[in-house]
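All chains are named by letter (A, B, ...) in the order of the sequence lines, taking the proteins before the strands, and each is independently numbered beginning at 1.
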Protein chains: 2
Amino acid sequence: MRLRKSLAVLVATLATTLAVAQCEDEYEDPPVNWGVLLFPTFEALDVFGPLEALNLLSLTVPLNLSLISRTLDPVSTKPRAMTTPSNFSESIIPTHTFANPPVDLEVLLVPGGLGTRAPDLQAEVGFIRDTYPQLKYLITVCTGAWLAANAGVLDGRNATTNKKAWAGRPVNNTVNWITHARWVVDDNIWTSSGISAGIDATLAFVEEIYGEELATDVANSMEYERHTNATWDPFAELYGLA
Amino acid sequence: MRLRKSLAVLVATLATTLAVAQCEDEYEDPPVNWGVLLFPTFEALDVFGPLEALNLLSLTVPLNLSLISRTLDPVSTKPRAMTTPSNFSESIIPTHTFANPPVDLEVLLVPGGLGTRAPDLQAEVGFIRDTYPQLKYLITVCTGAWLAANAGVLDGRNATTNKKAWAGRPVNNTVNWITHARWVVDDNIWTSSGISAGIDATLAFVEEIYGEELATDVANSMEYERHTNATWDPFAELYGLA
């Protein structure tokens, strides 16, 4: 009787150990250290859509965030190149500079926005180029993919970008731009379509890396009906892409 | 011949005048001066979902933005009351204080977030109470409605709020809380459900006030499939609300 009990306990323990090992293998060593690249006239939701999801995730999962820019001065969404009838913008505060970036960065998120059209983004593009080899993952939102393309890290890869701004994407490279995609995954680079697509890409990333349950919990907490199909893209047709 | 030409010009001018008058009547005197209330541990997307839509609108429609807080110090999303395993937050910079608010504020947007549970929000609640009488519109997102309720401005009104946090909403008042609603409009107060619902409420507000074409343009630019039905709310059921 004691032997049967002991055997039962042994089997149960083994089963648990195997299940845990399998689970740990599935989400082995999930990234902790996230960074977001900031530049003048970044798109607000490109940054704060993904960060909303990650802010919620960080309540229970260990995550660190660095906001990385040219200097530690506040970075504004204010249009620089175009004249508007408004005075309407927000400024957020970086935590690190390109010269003194965080150590052990594992995921870098690159937003888009009107600022990606600026002619003076050598420092931003250079930071992506120099940092990519150490990253576990690179995520771009919207025209953030243009910066990644200019950094050369999308060469030979599938990627997508903002559909309204499609015509302006970099052509002097070998990126295989995908027209119809909410987001595209190629190896360790995730590129999303325009603005709000960054939320869906981030939730898909959370599902892939941290698990489906957490992704669903976060989306539900956001009261967000997410798109889970990476090929859902009515905006490609809306903006006349073949 | 000259008379017929003169008459034709007169008729055309009258028609144009009438059309312009009708158009101006439809969106008479749309608000220009927007403010967003900021407090520690505000919810990022409660602020930046609506502001993304308004940032885009402001490229063509005259809009001014003030970010109003207790002091001019940066305001962070960092949890104050709960312990997390993370170091993950963002800080944004106010432009005005409660003591020196913008003049001619027309629309005040009040976000929610874990910070609305803080016991020290007398200044924020007082600012809503004191400012509401001068506003054209008050918009709350998520648990921002709790602050508006505590300010007394929702007394006798229909309103909604975050569905997951529903149980914590203020009860010592006469608000008619609506369980199943993406957003609720009562006179000049718009209250939205949790977090991402603020985007749909803001786009509905833009449609109502600035016109359907602009609202559609903005949503499409965001590549956002918006909910246009104010009673769409799967999250009420998900969180067990009758």
A:Gln134, CD: over 12 other non-hydrogen atoms inside 6.0 angstrom: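 More than 12 within 6.0 Å, yes.
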Pairs meeting criterion ring pair (Phe, Tyr, Trp, His ring centres under 6.0 Å) with involvement of residues 39-73 of chain B, two or more places apart: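 Sorted result for residues 39-73 of chain B: A:Phe48-B:Phe48.
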Examine whether an atom of [X] lies under 4.5 Å from a heavy atom of chain A, and if so say whether it belongs to the side chain, the backbone or both; otherwise answer neither.
{"X": "B:Leu59", "value": "both"}
{"X": "B:Ser89", "value": "backbone"}
{"X": "B:Val61", "value": "backbone"}

Top of [options] for chain B proximity - count of heavy-atom pairs under 4.5 angstrom:
{"options": "A:Thr83, A:Leu238, A:Leu65, A:Thr95", "value": "A:Leu65"}
{"options": "A:Leu57, A:Asn220, A:Asp46", "value": "A:Asn220"}
{"options": "A:Pro234, A:Pro79, A:Ala44", "value": "A:Ala44"}
{"options": "A:Leu63, A:Leu51, A:Thr84, A:Ile92", "value": "A:Leu63"}

For chain A, which residues from [range] lie under 4.5 Å away (heavy-atom distances)?
{"range": "residues 96-114 of chain B", "value": "B:Leu114"}
{"range": "residues 222-230 of chain B", "value": "B:Met222, B:Glu223, B:Tyr224, B:Glu225, B:His227"}
{"range": "residues 191-202 of chain B", "value": "B:Ser193, B:Gly194, B:Ile195, B:Ser196"}

Selection from B:Lys164, B:Met82, B:Glu90 maximising heavy-atom pairs under 4.5 Å formed with chain A: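 The answer is B:Glu90.
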Check: B:Asn55/A:Glu43 side-chain N/O donor and acceptor closer than 3.5 Å: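 No - no donor-acceptor pair under 3.5 Å links their side chains.
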Worked check of side-chain contact (heavy atoms from CB on, under 4.5 Å) between A:Phe88 and B:Leu54: CA-CA 8 Å; A:Phe88 203 101; B:Leu54 297 166; 3.5 Å; yes
For A:Ser58 against B:Ser86, the heavy-atom pair lying closest together: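 What the structure gives for the nearest pair is O-OG, 2.7 Å.
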Side chain, backbone, both or neither of A:Leu45 within contact of chain B (heavy atoms, under 4.5 Å):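 The answer is both parts of A:Leu45.
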OH-OG distance between A:Tyr239 and B:Ser221, expressed to the nearest 0.5 angstrom: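 Answer rounded to 0.5 Å: 4.5 Å.
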